[in-house]
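Following: one structure in structure tokens, then a few remarks.
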Amino acid sequence: MAAGKRAAKKKKTAWVAWLAVALVVAGCVAVGVLNTGGDTTVPAPAADERADSVAVLQRTSAEQGLCYGWELVDYYDYGAAPRNVGSNLGDGVAVEENPGCPRWVQVTANIGYVSESSESNDFARIEVTGSPDIDSADLWQVESGLGRLGLTEDVFVDDPGWAVTRAAVMLPLLAVEAGLAEPADTPVPAAASPSPLPDAGSDYLRDRWGWLLATVGLLLLAALFVTVGVVQRRRQLRVVVPAQRAGAGAAGRTREKA
């Protein structure tokens with residue numbers, strides 16, 4: 001009888017240990033999913049976006065006599081070079097303080113991505129600068145025109161590479177509106193009607209689908225352990241309880257005989 005109780009107690013202890021291990025592992029995985037910071041790198045424009053923008057700016061700059069360029073900066077990458085620069089002079093060539101561009105206008109997008117665990121939000125700071133001979137009021141008019149044409153801060157946060165190159169090819173049109181240049185004979189394609197951005201989807205699920213699947217699997221494993229433990233416990237009770245009752249009856253008959 002004592003040996004049966006020890007065996008039952010040993011099985012119960014083993015089951016509890018397995019259950020505790022499964023729950024601890026599942027909890028650790030869940031915490032890892034929730035606390036994963038995700039990728040905060042600011043993506044540079046694609047190769048075709050840079051090449052197309054350079055071609056457009058080369059044509060308009062030659063006709064207007066004004067250089068145009070773009071600069072994409074990672075706000076949290078302190079002291080590092082910009083993520084990407086470009087202009088009518090070529091991909092990777094800036095117009096600011098460039099001897100080949102005495103008069104220039106440039107759009108700078110400063111993007112800041114924060115981790116998922118942070119309470120702050122992603123942000124974008126857009127600024128249009130120009131050579132010293134260009135009035136600041138005219139530059140502000142060009143800058144405000146970007147938002148009017150659909151290039152808001154949210155668009156820059158969603159797809160900074162696409163947005164900064166699209167803003168660059170809009171600069172010639174906005175410069176004409178501000179009186180900084182004469183209209184170019186070659187129109188800027190699709191400058192006044194930017195195409196809609198593709199659906200970005202859920203960054204949270206895309207970055208953590210592997211962790212989520214692992215968590216679900218461990219939770220199912222824990223549920224299996226619980227079910228097996230409950231079944232084994234019920235079997236043990238069905239065996240132990242009748243044995244105890246039989247022992248109690250035998251003891252009672254012995255007392256009566258005495």
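Please read all numbers here as calculations on a predicted model, not as lab measurements. Computation of the quantities below employed the complete heavy-atom set of this structure, encompassing side-chain atoms and omitting hydrogens, waters and symmetry-equivalent molecules.
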SB check Arg148 Glu177 (cutoff 4.0 Å)
yes

Flag, side chain of Ser61 to backbone of Leu66, donor-acceptor distance under 3.5 Å:
yes

Kindly give the heavy-atom pair with the smallest separation between Ala178 and Val142, and that separation in Å.
CB-CG2, 4.0 Å

Side chains of Gln64 and Leu180: closer than 4.5 Å at any heavy-atom pair?
no

Taking the side chain as every heavy atom from C-beta outward, state whether Pro45 and Val164 have any atom pair closer than 4.5 Å.
yes

If you compare all heavy atoms of Leu146 against all heavy atoms of Leu174, which two are closest, and at what distance to 0.1 Å?
CD2-CD1, 3.6 Å

Minimum-distance pair of heavy atoms, taken over all atoms of Pro172 and Ala168:
CD-O, 3.5 Å

Would you compute the distance between atom CE of Met170 and atom OG of Ser53 and round it to the nearest 0.5 angstrom?
10.5 Å

Measure the spacing between CH2 of Trp162 and CZ of Phe156 and express it to the nearest 0.5 Å.
8.5 Å

Is Cys67 close to Val105 at the side-chain level, that is, under 4.5 Å between some pair of heavy atoms?
no

Does Glu63 use its side chain to pair, donor to acceptor, with the backbone of Thr60 at less than 3.5 Å?
no

SB check Asp74 Arg83 (cutoff 4.0 Å):
no

Ser115 backbone acceptor or donor facing Thr40 side chain under 3.5 Å:
no

List the atom of Gly130, the atom of Leu139, and the distance in Å for their closest heavy-atom pair.
N-CD1, 3.5 Å

Is there a donor in the side chain of Ser131 and an acceptor in the side chain of Asp133, or the other way round, less than 3.5 Å apart?
yes

Side chains of Val176 and Glu182 in contact at under 4.5 Å (non-hydrogen atoms)
no

Does the side chain of Thr129 come within less than 4.5 Å of Trp104's, by heavy atoms?
yes

From Glu49 atom CD to Asp91 atom CG, the distance as rounded to the nearest 0.5 Å:
11.0 Å

Are the side chains of Val107 and Glu127 in contact, using a 4.5 Å heavy-atom criterion?
no

Atom CG of Leu72 and atom OG1 of Thr165: how far apart are they, to the nearest 0.5 Å?
9.5 Å

Measure from the side-chain N and O atoms of Glu143 to the backbone N and O of Val128, and report whether any donor-acceptor pair falls under 3.5 Å.
yes

Verify whether the ring centers belonging to Tyr75 and Tyr113 lie closer than 6.0 Å.
no

Residues Asn84 and Ala44: closest non-hydrogen pair is CB-CB, 4.3 Å

Counting C-beta onward and ignoring hydrogens, is there a side-chain heavy-atom pair between Thr108 and Trp70 closer than 4.5 Å?
no

Using 0.5 Å steps for rounding, measure from the CG atom of Asp122 to the CG atom of Asp158.
9.0 Å

Gln58 CD to Ser87 OG distance, which is reported to the nearest 0.5 Å:
8.5 Å

